[in-house]
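What follows is a single structure, written as structure tokens, with notes after it.
The structure displayed is predicted, hence computed values, not measured ones. FYI, the numbering just counts along the sequence from 1.
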Amino acid sequence: MNAFPASQVLSRKQTQRQALIMQLEKAKKRIAKQVKKGFHGYPLVSLEYFGKGDSGKAPDTATEVVISFTEEEGADPQKQAFVSSGDAREDETIQSTLLKIIERADAKTVTEIDGVSNLPS
């Protein structure tokens with residue numbers, strides 16, 4: 001038997017959902033702020049979102065994001081991909097992870113490719 005009335009359970013779920021939305025928005029804003037700063041040297045982190053488009057059209061939903069880390073000019077980038085069952089741009093776990101990577105890498109520059117690119121065939 002549930003120890004809480006149904007109204008409290010519902011409000012608890014709503015509160016948890018609101019907290020996730022707030023965390024998502026916070027992560028997205030902090031990433032956008034880093035991108036907006038422009039080029040300030042290395043290390044450099046780059047983000048690119050991918051999805052499947054119909055008949056050559058640009059995709060509406062990003063099911064994958066690739067984060068690239070370049071330590072210094074001329075170095076080969078290290079890449080990591082994250083896949084989402086929904087839109088990776090709206091996935092709180094993925095966005096928070098990207099932010100943590102950016103912060104831990106002490107990236108001086110963060111770039112983001114505009115829009116959603118087609119997944120390679």
Side-chain angles (χ1 to χ4, degrees):
M1 184 166 184
N2 195 348
F4 299 102
S7 62
Q8 282 185 333
V9 172
L10 182 59
S11 73
R12 182 174 284 163
K13 287 181 182 177
Q14 287 173 333
T15 302
Q16 290 172 343
R17 186 168 188 274
Q18 288 173 340
L20 286 176
I21 290 170
M22 288 175 55
Q23 290 172 347
L24 169 64
E25 292 305 316
K26 180 180 176 181
K28 288 170 58 174
K29 283 180 184 177
R30 290 177 68 189
I31 291 169
K33 184 177 179 181
Q34 293 290 330
V35 170
K36 190 176 178 180
K37 287 180 181 179
F39 186 79
H40 286 281
Y42 291 87
L44 179 141
V45 170
S46 179
L47 305 171
E48 185 170 7
Y49 292 91
F50 293 91
K52 291 192 180 218
D54 295 329
S55 306
K57 290 184 180 178
D60 293 328
T61 303
T63 55
E64 182 176 322
V65 59
V66 175
I67 184 168
S68 302
F69 172 80
T70 307
E71 180 70 38
E72 57 190 28
E73 187 173 3
D76 290 331
Q78 300 172 27
K79 295 184 178 192
Q80 175 71 49
F82 297 92
V83 178
S84 176
S85 58
D87 194 328
R89 298 169 296 180
E90 301 301 324
D91 187 311
E92 187 274 329
T93 303
I94 290 176
Q95 293 300 310
S96 293
T97 301
L98 295 175
L99 181 60
K100 286 179 185 177
I101 291 169
I102 291 166
E103 290 173 346
R104 290 180 181 166
D106 196 25
K108 297 207 180 343
T109 302
V110 179
T111 64
E112 184 175 325
I113 307 300
D114 288 333
V116 181
S117 303
N118 280 311
L119 277 168
S121 300

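The cluster map of Ile, Leu, Val, Met, Phe, Trp and Tyr, joined by side-chain heavy atoms under 4.5 Å apart, puts Phe82 and Leu47 in the same cluster. Val65 and Phe50 are not part of a single hydrophobic cluster, where members link through side-chain heavy atoms under 4.5 Å apart. Leu99 and Val45 fall within a single hydrophobic cluster, where Ile, Leu, Val, Met, Phe, Trp and Tyr are joined by side-chain heavy atoms under 4.5 Å apart, directly or via other members. Note on Val66: it clusters hydrophobically with Leu119, by side-chain heavy-atom contacts below 4.5 Å among ILVMFWY residues.
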Listed pairs under 3.5 Å, donor-acceptor, residues 29-43 side chains, sequence neighbours left out:
| residue | atom | partner | partner atom | Å |
| --- | --- | --- | --- | --- |
| Arg30 | NH2 | Glu103 | OE2 | 2.3 |
| His40 | NE2 | Lys37 | O | 3.1 |

Show every donor-acceptor pair shorter than 3.5 Å between a side-chain atom in residues 88-97 and any protein atom, with sequence neighbours excluded, or say none if there are none.
| residue | atom | partner | partner atom | Å |
| --- | --- | --- | --- | --- |
| Arg89 | NE | Asp87 | OD1 | 3.0 |
| Arg89 | NE | Asp87 | OD2 | 3.4 |
| Arg89 | NH2 | Asp60 | O | 2.7 |
| Arg89 | NH2 | Asp87 | OD2 | 2.7 |
| Glu90 | OE1 | Lys28 | NZ | 3.2 |
| Glu90 | OE2 | Lys28 | NZ | 2.8 |
| Asp91 | OD1 | Thr93 | N | 3.0 |
| Asp91 | OD1 | Ile94 | N | 3.1 |
| Asp91 | OD2 | Ser84 | OG | 3.3 |
| Glu92 | OE2 | Ser96 | OG | 2.7 |
| Gln95 | NE2 | Tyr49 | OH | 3.0 |
| Gln95 | NE2 | Ala88 | O | 3.0 |
| Ser96 | OG | Glu92 | O | 3.0 |
| Thr97 | OG1 | Thr93 | O | 2.7 |

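For the atom pair NZ of Lys79 and OG1 of Thr70, the computed distance is 8.5 Å after rounding to the nearest 0.5 Å.
Among residues two or more places apart in sequence or in another chain, the side-chain hydrogen bond (donor to acceptor under 3.5 Å, both in side chains) test is passed with Glu48 by Ser117. Residues satisfying the side chain to side chain contact (heavy atoms under 4.5 Å, CB included) test with Gln78, not counting sequence neighbours, are Phe69. For the side chain to side chain contact (heavy atoms under 4.5 Å, CB included) test, no residue two or more places apart in sequence or in another chain qualifies with Ala19. In this structure Thr61 satisfies the side-chain hydrogen bond (donor to acceptor under 3.5 Å, both in side chains) test with no other residue, sequence neighbours excluded.
In this structure, Pro77 and Ser68 approach most closely via the heavy-atom pair CB-CB, 4.2 Å.
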